[in-house]
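Here's the structure we're looking at; comments come further down.
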Amino acid sequence: MTIVDTPERRQLRELTRAFVTREVLPHLADWERAGEVPRSLHETAAKIGLLGIGFAESVGGSGGDLLDSIVVTEEIIRSGGSSGLVAALFTHGIALPHIVAAQDEALVDRYVRPTLAGTMIGALAITEPDGGSDVAGIRTCAVRDGDHYVVNGSKTYITSGVRADFVTTAVCTDFPGSGSLSLLVIDKGAPGFTVGRRLEKLGWHCSDTAELSFADVRVPVANRVGPEDTAFLAIMQQFAAERLSLATQAYATAQRCVDLAVRWCRDRSTFGRPLASRQLVRHRLAEMHTRAEAARAYVHEVAERVAAKQPVVTEVAMAKNVAVAACDFVVDAALQLHGGFGYLRDAEVERHYRDARILGIGGGTTEIMNEIIAKGMGL
Ligand SMILES: Cc1cc2nc3c(=O)[nH]c(=O)nc-3n(C[C@H](O)[C@H](O)[C@H](O)COP(=O)(O)OP(=O)(O)OC[C@H]3O[C@@H](n4cnc5c(N)ncnc54)[C@H](O)[C@@H]3O)c2cc1C
């Protein structure tokens, strides 16, 4: 089963493609050098209804579901955007869902609506310098003091952390490492909240990444998302959408690189003949295409099941690993087929090769996905 291409979804693809062609492609190289995308891009994407896809109109979104979000992600990358751009522009896809699920009207008005309108930027902070895979081991603590929490600790590798106006932050509301977690929305500018250095990375250059530190930061209890000590489950539940988004970025990057490699191999001649006329090259392209297509079909099937609220934690982990493996194989092969040009900053395939490396790390590593899969097998 693949995501059904309804007339609305075809329109959504066209809208996304036009947005990328007009608003992204002329500037992406500059944003990669600048280390971030401009705030104006969020507003532009919001105005045409793209930013709010996957969020209900009742919270300021444009409607649609997980499958529509997947369509947008797929199309951004296939039209020449990148997974880094998706990470930067759609960080709200991980920063907002917990707030929406908690159905807290005040938090929705204050953070969700302006973010979906493109006037605020949010981030999600779970990972800490001591470790990201072990979510239950979070050490950033929030101690209750009247109608506030006092937060101490630090977070790292936070996407959009440099630009974010607020950070949905996982904190321990018992002793450090107890696994009793809560989520607090922390405003930039809160005394004691410091955004540290902008982290330099292998890829995702247009997506800013930050270290955050909290020293006696007072956060109103009203900024807690949902009941105290229930965030571990909430985080695990929302991981499904994040992992499927990363899986989508992986197969879409692979598909884009197949397209780039096919074009290159048709145009490039060696020893008097186009590369694409060589059986070895044609078979390599066929294998790349097969892996990308198989990954796409499986991710779509799992996404349909997630959208239908089926319990598919194991399948989501498998989808992420299958798509990341396909992507790793394809970006490497595509770069190789481009020869020396593939190694240059001028080559789009070079950016995808670097950007792809994070997909098996973010949102739960390949090894952590294997742990989930092994548990699902009863091991
Ligand atoms: C560019 C970028 C953007 C990111 N954005 C965000 C963000 O917005 N918000 C956020 O909260 N986090 C973010 N992260 C963090 C990311 O989710 C973590 O890096 C990831 O979860 C892994 O955690 P870690 O880096 O601490 O690795 P560790 O947990 O220290 O793991 C190190 C290695 O050991 C392996 N390993 C760990 N435990 C086991 C085990 N039990 N068995 C076998 N192998 C194991 C891991 O697979 C990995 O290979 C981002 C990271 C990057 C690089």
Side-chain angles (χ1 to χ4, degrees), residues 32 35-37 82-98 115 121-140 153-172 177 181-186 188 195-214 225 231-232 234-236 238-243 245-247 249-250 253 316-317 320-321 324-325 328 351-352 354-375 379:
E32 289 276 303
E36 61 182 46
V37 300
S82 68
S83 59
L85 179 88
V86 172
L89 185 58
F90 290 86
T91 318
H92 61 277
I94 55 175
L96 297 184
H98 310 87
T115 304
I121 292 174
L124 174 71
I126 295 175
T127 306
E128 303 191 340
D130 282 344
S133 300
D134 182 9
V135 175
I138 279 176
R139 306 188 69 78
T140 297
S154 54
K155 298 285 176 182
T156 195
Y157 316 141
I158 305 308
T159 297
S160 296
V162 177
R163 297 178 305 144
D165 302 297
F166 67 92
V167 183
T168 307
T169 310
V171 295
C172 180
L181 303 184
S182 303
L183 284 166
L184 301 179
V185 186
I186 306 184
K188 180 179 261 178
V195 177
R197 66 196 170 94
R198 178 190 296 264
L199 301 171
E200 302 283 329
K201 311 186 292 297
L202 171 71
W204 276 16
H205 285 178
C206 67
S207 168
D208 57 292
T209 311
E211 278 177 350
L212 312 176
S213 74
F214 307 93
V225 181
F232 185 77
I235 290 168
M236 292 302 139
Q238 297 299 344
F239 263 147
E242 181 178 358
R243 286 170 183 163
S245 171
L246 289 161
Q249 292 170 44
T253 298
V316 168
K320 183 169 185 281
N321 279 2
V324 166
D328 286 347
R351 173 161 41 77
H352 292 306
R354 287 182 292 101
D355 283 356
R357 194 60 188 85
I358 182 59
L359 301 175
I361 297 172
T365 64
T366 300
E367 292 76 16
I368 295 303
M369 295 307 100
N370 279 336
E371 264 307 294
I372 294 170
I373 296 161
K375 272 198 196 116
L379 296 170

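Numbering of ligands and ligand atoms starts at 1, following listing order.
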task: List the steps and the verdict of side chain to side chain donor-acceptor pair (under 3.5 Å) for S245 and Q249.
output: CA-CA 6 Å; S245 171; Q249 292 170 44; 3.1 Å; yes
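Counting heavy atoms closer than 4.0 Å to ligand 1, residue T127 contributes atoms from both its backbone and its side chain. Contacts of E371 with ligand 1, taken as heavy-atom pairs under 4.0 Å, are absent altogether. Contacts between T91 and ligand 1 below 4.0 angstrom, taking non-hydrogen atoms only, are absent altogether. With a 4.0 Å cut-off on non-hydrogen atoms, T365 touches ligand 1 through its side chain and not its backbone.
Distance check: D355 CG to L202 CG gives 8.5 Å after rounding to the nearest 0.5 Å.
For ligand 1, the polar-atom distance check against I158 finds no nitrogen or oxygen pair separated by under 3.5 Å. Inclusion of L124 in the set of residues having an N or O under 3.5 Å from an N or O of ligand 1 is warranted. The N/O atoms of T159, backbone and side chain alike, include one that comes under 3.5 Å of an N/O atom in ligand 1.
Less than 4.0 angstrom separates some heavy atom of G363 from each of these atoms of ligand 1: 17 (O). Counting the atoms of ligand 1 from 1 in the order shown, those under 4.0 Å from a heavy atom of I126 are 10 (C), 11 (O).
The side-chain contact (heavy atoms from CB on, under 4.5 Å) test with H205 is passed by exactly one of E200, R351, E32: E32.
Considering only non-hydrogen protein atoms, atom 30 (O) of ligand 1 sits nearest to G131 CA, 4.5 Å. Given atom 45 (C) of ligand 1, the protein heavy atom at minimum distance is E367 CB, 4.3 Å. Scanning all protein heavy atoms for the shortest distance to atom 1 (C) of ligand 1 gives K201 CD, 3.7 Å. The protein heavy atom nearest to atom 20 (C) of ligand 1 is I361 O, 3.4 Å. Atom 51 (C) of ligand 1 has Y157 CB, 3.4 Å as its closest protein atom, hydrogens excluded (heavy atom only). Of all protein heavy atoms, the one lying nearest to atom 26 (O) of ligand 1 is G132 N, 2.6 Å.
Between L246 and K320 there is a side-chain heavy-atom pair separated by less than 4.5 Å. Counting heavy atoms from C-beta outward, E367 and N370 have side chains that stay 4.5 Å or more apart. The closest side-chain heavy-atom distance from V225 to L184 is not below 4.5 Å. With a 4.5 Å cut-off on side-chain heavy atoms, L124 and H98 count as touching. Contact check for V185 versus T169: no side-chain heavy atoms found under the 4.5 Å cut-off.
In the model, T91 has a side-chain atom that pairs as donor or acceptor with a side-chain atom of S160 under 3.5 Å. Side-chain atoms of W204 and T209 form no donor-acceptor pair, as typed in the model, at a separation below 3.5 Å.
Ligand 1 is never approached by A123 to a heavy-atom distance shorter than 4.0 Å.
Scanning I358, I94, I368, T366 for the heavy atom closest to atom 39 (C) of ligand 1 points to I368. Atom 28 (P) of ligand 1 has its nearest heavy-atom neighbour, among A125, S133, G137, P129, in S133.
Atom 42 (N) of ligand 1 is never approached by the protein to below 4.0 angstrom, counting heavy atoms only. Protein heavy atoms are found less than 4.0 angstrom from atom 10 (C) of ligand 1. For atom 33 (C) of ligand 1, no protein non-hydrogen atom is found at a distance below 4.0 Å. Put simply, atom 24 (P) of ligand 1 has protein non-hydrogen atoms near it, under 4.0 Å away.
In terms of heavy atoms, A240 sits closest to V316 at O-CG1, 3.9 Å.
Of the charged side-chain nitrogens involved, none lies within less than 4.0 Å of a carboxylate oxygen, so that E36 and R163 do not count as a salt-bridged pair. Salt bridge R197/E211: present, at least one basic N to carboxylate O contact under 4.0 Å.
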